[in-house]
Student: 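Dropping a structure here in C-alpha cells format, bear with me for questions.
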Amino acid sequence: SWHHLNVWHLGVLPLVLLIGAGLLYAWGIHRTAPWPKVRAICFASGLVVTFIATQTFLGVYDMEYFSDHMIQHLLLIMVAAPLFALSAPLDLAYASGGATIRRWLDSPFVARLTHPLFAFALYFIFIPLTHLTGLMNFMMEHEWFHHLEQIAFLVVGYLFFRAAFGLERGYKIHPG
C-alpha cells in the first residue's frame, strides 16, 4: 500500500540549507538583471536532485545499504554538482554582491580554491579518501559526519565541474 512508498528522511537542517540556498540564489537573481533563466533552472534542478538524494528513501537507507549510499553520492557529485556549476553561483554572487563580496571573490584564496588543478586534485583524492580509509567507518557511525560528507561531495563536485565547464570567471582550462 501507499504507506510503504511514503518513506522520507526529512531533516530540519538539510531542509533549511536547501531552502536557504534557493532563497539566496533567488535574491541574487532579483538584484542582478538580467540573469539567464537556464542558469536559474540549473540551480533549481540541483536543489531538487540534492533533495532526492538526501531527503527521500535514498537518505533513509544510505546508512544501511552501500548501494543506496553510492547512488546518493553519485547523484550529489555527478548530477547535482554539475547542475550547480552550470548555474554559476559565484558569478551571481559577484554580480549581485557588494564590494566586500567582490573583494573576497577576487582574493588569492578564492583564486587558488577555484583553480582547475586544485579542483582536479581534490576530486581525485576526496572520493578514495572518504571510502577507502577509516573515514568511511567513522562516517557510518556518526550521522553528523555523514551530512558533512554529503556537503563536501557537492562542493568538490562543483569545483571540479566548474573548472570543466569554464562558465564562471577565473582560470579556464582548454575545452579539449
Side-chain angles (χ1 to χ4, degrees), residues 8-59 62 68-98 101-102 104-107 109-124 126-127 130 146-176:
W8 297 92
H9 183 66
L10 300 177
V12 174
L13 184 58
L15 289 175
V16 167
L17 290 173
L18 288 168
I19 292 167
L23 291 173
L24 192 59
Y25 195 85
W27 177 77
I29 290 172
H30 177 71
R31 290 180 46 99
T32 305
W35 186 252
K37 289 190 186 328
V38 70
R39 289 186 181 181
I41 291 168
C42 286
F43 192 84
S45 299
L47 290 176
V48 168
V49 171
T50 303
F51 177 84
I52 290 168
T54 62
Q55 302 302 298
T56 64
F57 62 92
L58 290 170
D62 66 341
D68 277 7
H69 183 82
M70 297 317 301
I71 290 168
Q72 180 183 73
H73 284 330
L74 287 172
L75 283 172
L76 292 173
I77 205 164
M78 298 298 293
V79 181
L83 287 167
F84 289 133
L86 288 170
S87 72
L90 292 183
D91 279 355
L92 180 61
Y94 196 87
S96 65
I101 296 286
R102 287 188 188 103
W104 184 74
L105 290 171
D106 287 334
S107 71
F109 170 75
V110 173
R112 285 187 208 100
L113 182 69
T114 59
H115 193 282
L117 292 177
F118 176 76
F120 179 75
L122 189 61
Y123 192 89
F124 182 74
F126 180 74
I127 295 171
T130 56
H146 177 58
H147 291 308
L148 287 177
E149 181 196 31
Q150 292 168 334
I151 293 169
F153 265 84
L154 287 171
V155 171
V156 168
Y158 163 75
L159 289 173
F160 179 81
F161 285 103
R162 177 193 180 281
F165 295 147
L167 293 177
E168 292 187 300
R169 307 170 50 254
Y171 293 105
K172 306 273 191 258
I173 56 176
H174 189 274

Student: Please name all residues satisfying side-chain hydrogen bond (donor to acceptor under 3.5 Å, both in side chains) with Tyr94, sequence neighbours left out, ordered by chain then number.
Tutor: Asp106
Student: Looking at CG of Leu92 and OG of Ser87, how far apart are the two atoms once the value is rounded to the nearest 0.5 Å?
Tutor: 8.0 Å
Student: Could you pull out the closest heavy-atom pair between Phe165 and Pro82, with the gap in Å?
Tutor: CE1-O, 3.5 Å
Student: According to ring pair (Phe, Tyr, Trp, His ring centres under 6.0 Å), who are the partners of Phe118, at least two apart in sequence or on a separate chain?
Tutor: none
Student: Taking the inter-plane angle between the rings of His69 and His73 on a 0 to 90° scale, is it parallel (under 30°), tilted (30 to 60°) or perpendicular (over 60°)?
Tutor: perpendicular
Student: Sequence neighbours excluded, which residues qualify as side-chain hydrogen bond (donor to acceptor under 3.5 Å, both in side chains) partners of Asp62?
Tutor: Gln72, His146, Gln150
Student: To the nearest 0.5 Å, how far apart are CG in Leu154 and CG in Leu76?
Tutor: 5.0 Å
Student: How would you list all residue pairs meeting side-chain hydrogen bond (donor to acceptor under 3.5 Å, both in side chains) that involve residues 16-38, not counting sequence neighbours?
Tutor: Tyr25-Trp35
Student: Does Met70 CE have over 12 foreign heavy atoms under 6.0 Å away?
Tutor: yes
Student: Working to the nearest 0.5 Å, report the span between CD1 of Ile127 and CG of Leu122.
Tutor: 9.5 Å
Student: Applying the side-chain contact (heavy atoms from CB on, under 4.5 Å) test to Leu17, which of Thr54, Val12, Ile151 qualifies?
Tutor: Ile151
Student: For Ile71 and Leu58, what are the C-alpha separation, side-chain angles and deciding distance, and is it a side chain to side chain contact (heavy atoms under 4.5 Å, CB included)?
Tutor: CA-CA 8 Å; Ile71 290 168; Leu58 290 170; 3.9 Å; yes
Student: Distance check, rounded to the nearest 0.5 Å: Leu148 atom CG versus Thr130 atom OG1?
Tutor: 12.5 Å
Student: Show me the donor-acceptor pairs, under 3.5 Å and distance only, between side chains in residues 156-163 and residues at least two apart or in other chains.
Tutor:
| unit_1 | atom_1 | unit_2 | atom_2 | d |
| --- | --- | --- | --- | --- |
| Tyr158 | OH | Glu168 | OE1 | 2.4 |
| Tyr158 | OH | Glu168 | OE2 | 3.4 |
| Arg162 | NE | Glu168 | OE1 | 2.9 |
| Arg162 | NH1 | Thr114 | O | 3.4 |
| Arg162 | NH2 | Arg169 | O | 2.4 |

Student: A side-chain contact here means heavy atoms from C-beta on lying under 4.5 Å apart; do Tyr171 and Leu117 qualify?
Tutor: no
Student: Under 3.5 Å, which donor-acceptor pairs link side chains of residues 38-53 to any protein atom two or more places apart or in another chain?
Tutor:
| unit_1 | atom_1 | unit_2 | atom_2 | d |
| --- | --- | --- | --- | --- |
| Ser45 | OG | Ile41 | O | 2.8 |
| Thr50 | OG1 | Gly46 | O | 2.8 |

